Amino acid sequence: MKIFALLAAVALAQGAPPPPEAPAPETVKVTLTTSQGPVVLELEKGRAPLTTANFLRYVDQKRLDGAAFYRAAKAPNVPDYGLVQFGTRNDPKRTLPPVAHEPTSQTGLSHRSGTISLARGAPGTGAGDFFILVGDTPSLDAQPGGDPGFAAFGHVVEGMDLVKTILAAPTDPNKGEGVMKGQYLAQPVVIVTARRTN
């Protein structure tokens with residue numbers, strides 16, 4: 001009898017439906033076609049809806065077409081570490097109103113290598129400029145009881161070699177102001193088009 005009960009249990013287990021899988025994160029892909037090749041981004045629409053929607057406004061309204069990667073902030077004496085920045089550069093013809101700050105403590109995202117995040121001054125001032133990291137930089141995440149950090153909202157899925165090439169490109173020591181002096185590219189990399197690709 002025990003054998004029959006065991007066989008019945010095995011048969012029942014084999015016929016049972018598999019446990020439900022966790023739903024895949026809701027994402028959207030965007031391709032930045034630059035003068036030096038494409039960079040494909042996967043944006044976290046489900047986890048960072050405000051910041052992703054802000055970026056997609058610029059894409060859908062073609063406000064990034066003709067913009068450029070213009071900044072390469074390199075960590076001193078650390079190869080392949082820093083960030084590249086692109087966007088509207090506060091051009092009033094391209095720049096939309098700022099978006100509310102969406103901290104990583106809320107989204108669960110983190111500033112790892114390849115992350116795209118919203119550039120800003122004070123929280124809630126980010127609008128049409130964005131940066132991509134080369135190298136993990138968790139110090140840009142929201143800190144418990146302190147700095148609200150930056151709003152990460154996606155990551156590079158193709159074209160990271162190009163991002164690294166832009167980071168390594170020559171900068172003009174006379175361009176930029178304050179902490180950004182010397183971080184502006186001598187030859188900006190033009191974004192020909194920015195389009196959704198899925």
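Worth knowing before you read on, the calculation uses all heavy atoms, side chains too, and leaves out hydrogens, waters and symmetry mates. Because the structure is a prediction, the values reported are computed rather than measured. We number each residue from 1, following the sequence as shown.
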message = Distance check, rounded to the nearest 0.5 Å: Asp147 atom CG versus Asp141 atom CG?
response =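 Reported to 0.5 Å precision, the distance equals 10.0 Å.
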The reported gap from CG in Leu56 to CZ in Phe153 (rounded to nearest 0.5 angstrom) is 8.5 Å
A side-chain contact here means heavy atoms from C-beta on lying under 4.5 Å apart; do [X] and [Y] qualify?
{"X": "Thr31", "Y": "Arg195", "value": "no"}
{"X": "Asp129", "Y": "Thr88", "value": "yes"}
{"X": "Leu140", "Y": "Thr104", "value": "no"}
{"X": "Phe130", "Y": "Leu118", "value": "yes"}

Check: Got a sec: does the NZ of Lys62 have more than 12 other heavy atoms crowding it under 6.0 Å?
Finding: no
**Message:** Taking CD in Gln61 as the centre, count heavy atoms belonging to other residues, nucleotides or ligands within less than 6.0 Å. Is the count above 12?
**Reply:**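 Yes, CD of Gln61 has more than 12 neighbouring heavy atoms, counting only those of other groups under 6.0 Å.
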Kindly give the heavy-atom pair with the smallest separation between [X] and [Y], and that separation in Å.
{"X": "Gly135", "Y": "Thr137", "result": "O-OG1, 3.2 Å"}
{"X": "Ala48", "Y": "Ala152", "result": "CB-O, 3.9 Å"}
{"X": "Thr171", "Y": "Lys74", "result": "CG2-NZ, 3.5 Å"}
{"X": "Ala72", "Y": "Ile166", "result": "CB-O, 3.8 Å"}
{"X": "Arg47", "Y": "Thr107", "result": "O-CG2, 3.2 Å"}
{"X": "Leu133", "Y": "Met160", "result": "O-CE, 3.2 Å"}

Q) Thr193 and side-chain contact (heavy atoms from CB on, under 4.5 Å): which partner among Thr33, Leu32, Val59? A)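 For Thr193, the side-chain contact (heavy atoms from CB on, under 4.5 Å) test succeeds with only one of Thr33, Leu32, Val59, which is Thr33.
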Requested in this report: Report the relative orientation of the aromatic rings in His111 and Phe150; use parallel for angles under 30°, tilted for 30 to 60°, perpendicular for over 60°.
Outcome: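 Judged by the thresholds at 30° and 60°, the geometry between His111 and Phe150 is perpendicular.
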Students often mix this up, so state it plainly: with edges at 30° and 60°, are the rings of Phe69 and Phe86 parallel, tilted or perpendicular?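 Judged by the thresholds at 30° and 60°, the geometry between Phe69 and Phe86 is tilted.
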Side chain [X], main chain [Y], donor-acceptor under 3.5 Å:
{"X": "Glu158", "Y": "Val156", "answer": "no"}
{"X": "Thr52", "Y": "Pro49", "answer": "no"}
{"X": "Glu42", "Y": "Val157", "answer": "no"}

Stepwise side chain to side chain contact (heavy atoms under 4.5 Å, CB included) test for Leu43 and Ile116
CA-CA 8 Å; Leu43 309 181; Ile116 180 170; 4.1 Å; yes
* Give the C-alpha distance, both sets of side-chain angles, the deciding distance and a yes or no for side chain to side chain contact (heavy atoms under 4.5 Å, CB included) between Asp172 and Tyr184. => CA-CA 6 Å; Asp172 186 328; Tyr184 281 44; 5.5 Å; no
Item checked: Cation-pi check, Arg94 onto Tyr58 ring (under 6.0 Å, within 45° of axis) -> no
